[in-house]
Number of protein chains: 2
Amino acid sequence: MTAGSAPKWRRLEPDERREQIFTCAAELFGERPYAAVSTADIAARAGVARGLINHYFGTKRELYLAVVRRALTLSPSAAATLPDGSLAERTDAAVDWFLDMVGKQQKMWLAAITPEGIGRDEEVERILDEADRDAAGLVLEAMGFDRGDERWEQLIALVRTYGGMVKAASREWLDRGTLNRSQVHTVLSQVLYTLVADVIPRARHQSE
Amino acid sequence: MTAGSAPKWRRLEPDERREQIFTCAAELFGERPYAAVSTADIAARAGVARGLINHYFGTKRELYLAVVRRALTLSPSAAATLPDGSLAERTDAAVDWFLDMVGKQQKMWLAAITPEGIGRDEEVERILDEADRDAAGLVLEAMGFDRGDERWEQLIALVRTYGGMVKAASREWLDRGTLNRSQVHTVLSQVLYTLVADVIPRARHQSE
DNA sequence: GACTCCTCTTGACACTTCGCCAACAAGCGG
DNA sequence: CCGCTTGTTGGCGAAGTGTCAAGAGGAGTC
């Protein structure tokens, strides 16, 4: 034993510590409901004092929001990697890319989108909202629409509608296992195709 | 003052008291998030001791579940009024009927399906799940499928996927006002048509 | 190598909320 | 008018959260 020079705890850079706590929190929120995860649990898994969580994130709820926010943010970079080609090819590729991404993040993705909530929370709602909006924007651009389109808001709304189906399909696939990936791919790409090819042209003339 | 014969509290029949507490809880859960409603609040509005809530419902969560359960219970009667005819006609009529129904129940419907939640709850999930399942069953039967179909579970899953889109569309229409009824009708019936005519036949051959 | 100082980290305190339980009293039946 | 059933109360203990001042790690300095 080389003397009692062993520190009880290690001092980390704020960003580092913050990230560590964040990771542990993400894991826990992924496996249990919000209310069933105590700040003490998070602190324990991070090997840290409970108070430190408040120091870095202010509130348990804020920490949760941060986790959700990151889980829902999808990289705009990969969206550009979509091939040109027929509409069918593009919808196919887009859905494929999306399913790959979701397949990796499984737990987080599911936890974030799962509507099974006790009670409502304005902030969470807002975050989900913006994430949906961004995602819809990416999809539209990938499908060849222009962000400056006069009916952009309407298009966003339509695709967001489709987003509801995407989430539900993800749950059937990853959570319940009632559909396999291939089937989910078929539904989603087929419907996306219909949306772009049939629905959007029609919806434009129903604006009143 | 006719003497001090005034009782501090009135003794009610269990069902009566239970219902009274239930009503107050439903009101509060309707206006604030779950976590922001304390049992003390409920007790106060009901003019009752806090402990009585536990006596009748066991747990705050159980009380909440009871409220949600009742909110999701809808009338299965009107579903049989569906016309025969081409697939397009039937999808059209089904969506129309549905939008009518939703248009009336607005608040209730929105409150029930709104995914704004912090955390997950197994029991709530189960309740929403069964409601979705029942709804999917109705849709399938309306589209001419047989409940004894060998792939019934799979069909249910597919339609439940569609259900996600229905909910999202409802929110765009009723909550955000980004789409009008006519547009929502177009999306939903068009997609439903695609689902039944194109997707389901294909999905059958992808079961591995 | 010892000292200093900055700030990251801890541990305890105050407060709120929830479930439990024993005692109390409303009001019907005798 | 009285006693018994049971609906109802009120307080206790446990659990969880946010705050804060004090303590300790460790890099920089002489």
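Lettering of chains follows the sequences in order, A, B, ..., and the numbering in each one begins at 1.
Note: NZ (A:Lys60) to P (D:dA15) measures 15 Å, nearest angstrom. The CD1-P distance, from B:Ile21 to D:dG7, rounds to 12 Å in whole Å. The nearest whole Å value for the distance from the CD atom in B:Glu13 to the C1' atom in D:dT5 is 12 Å. Between the CG atom of A:Leu12 and the P atom of D:dA27 there is a distance of 11 Å, given to the nearest Å. As a whole-Å value, the separation of B:Gln20 CD from D:dT8 C1' is 12 Å. What separates OH of A:Tyr64 from C1' of D:dT17 is a distance of 18 Å, to the nearest Å.
Scanning both residues, B:Trp152 and B:Glu141, for their nearest heavy atoms gives CH2-CG, 4.3 Å. Here the closest heavy-atom approach between residue A:Leu195 and residue A:Val159 is recorded as CD2-CA, 4.3 Å.
A:Phe98 is linked by a ring-ring contact (aromatic ring centres under 6.0 Å, His included) to A:Trp109, counting only residues two or more places apart in sequence or in another chain. Looking at residues two or more places apart in sequence or on another chain, you find no side-chain hydrogen bond (donor to acceptor under 3.5 Å, both in side chains) involving B:Arg50. Annotation: salt bridge (Lys or Arg N to Asp or Glu O under 4.0 Å) contacts of A:Glu62 (sequence neighbours excluded): none.
Along DNA chain C, read 5' to 3', the first and last nucleotides having any atom under 4.0 Å from a heavy atom of chain B are C:dC18 to C:dG27.
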Problem set entry | Steps toward salt bridge (charged side-chain N to carboxylate O under 4.0 Å, His left out) verdict (B:Glu153, B:Arg133) | CA-CA 10 Å; B:Glu153 283 309 310; B:Arg133 186 185 183 74; 2.6 Å; yes

For this session: List the steps and the verdict of salt bridge (charged side-chain N to carboxylate O under 4.0 Å, His left out) for B:Asp129 and A:Arg171.
Result: CA-CA 11 Å; B:Asp129 218 64; A:Arg171 277 198 294 278; over 6 Å; no

I'd like a table of atom pairs between the protein and nucleotides 20-23 of chain D - only N or O on both sides, under 3.5 Å - with the distance next to each one.
none

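Along DNA chain C, the nucleotide nearest to A:Arg50 and the one nearest to A:His55 differ in position, and the one closer to the 5' end is contacted by A:His55. Summary of the strand contacts: A:Val37 and B:Val48 both lie near DNA chain D, and taking for each the nucleotide with the nearest heavy atom, the more 5' one is attributed to B:Val48.
Among D:dG16, D:dT8, D:dG18, the nucleotide with an atom closest to any side-chain atom of B:Tyr56 is D:dT8.
Side-chain atoms of B:Arg10 stay outside donor-acceptor range of the base of D:dG7, with no qualifying N/O pair under 3.5 Å.
Using a 4.0 Å heavy-atom criterion, one finds that B:Phe57 contacts no nucleic acid atom at all.
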Sequence neighbours excluded and cut-off under 3.5 Å, please list the side-chain donor-acceptor pairs for residues 7-14 of chain A, or say none.
none

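No more than 12 heavy-atom neighbours from other residues, nucleotides or ligands sit within 6.0 angstrom of OH on A:Tyr193.
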